[in-house]
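To start, the structure itself, in structure tokens.
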Amino acid sequence: MPGISKDKAFHAAERIRVHFETESMRIIDGQSISATISLGIVDLQGNESAESFIERADSAMYAAKQRGKNCSVVM
């Protein structure tokens with residue numbers, strides 16, 4: 001989300017997370033499943049490499065999972 005603050009990115013992530021959580025998905029034979037997601041939010045810092053940026057985002061996502069899953073974490 002280029003040009004957006006971490007705070008706004010967090011709120012957008014939360015809207016996505018809540019929507020995902022409340023939707024059920026139809027699978028084979030009409031059965032449905034539900035799922036949750038964990039999201040990590042970071043901002044690109046200066047001349048940071050793509051690899052470093054992705055590693056930090058991945059760390060934020062794993063921090064969300066460690067907090068009990070189904071949440072968003074800003075780092």
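All values derive from a computational prediction rather than experimental measurement.
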How many angstroms lie between atom [atom1] of [X] and atom [atom2] of [Y], to the nearest 0.5 angstrom?
X	Y	atom1	atom2	value
R17	F10	CZ	CZ	8.0 Å
M1	D43	CE	CG	13.0 Å
I16	E21	CD1	CD	14.0 Å
S52	Q45	OG	CD	7.5 Å
S38	K69	OG	NZ	7.5 Å
S49	L44	OG	CG	9.0 Å

Exercise. Within a strict 4.5 Å, meaning less than it, do heavy atoms of the M61 and V73 side chains meet?
Worked result: no
For this session: Report yes if the side chains of E48 and R56 come closer than 4.5 Å at any heavy-atom pair, otherwise no.
Result: yes
For this session: Identify the heavy atoms of A63 and M75 that sit nearest to each other, and give their distance.
Result: CB-SD, 4.4 Å
Exercise. Of all heavy-atom pairs between A60 and I41, which one has the smallest distance, and what is that distance?
Worked result: CB-N, 3.9 Å
For this session: Treat each ILVMFWY residue as a node, draw an edge where side-chain heavy atoms are under 4.5 Å apart, and state whether L39 and F20 are in one component.
Result: yes
Please check if atom [atom1] in [X] has more than 12 non-hydrogen atoms from other residues, nucleotides or ligands closer than 6.0 Å.
X	atom1	answer
F53	CZ	yes
K6	NZ	yes
E51	CD	no

Problem set entry | Pair S72, E14: side-chain N/O donor-acceptor within cut-off below 3.5 Å | yes
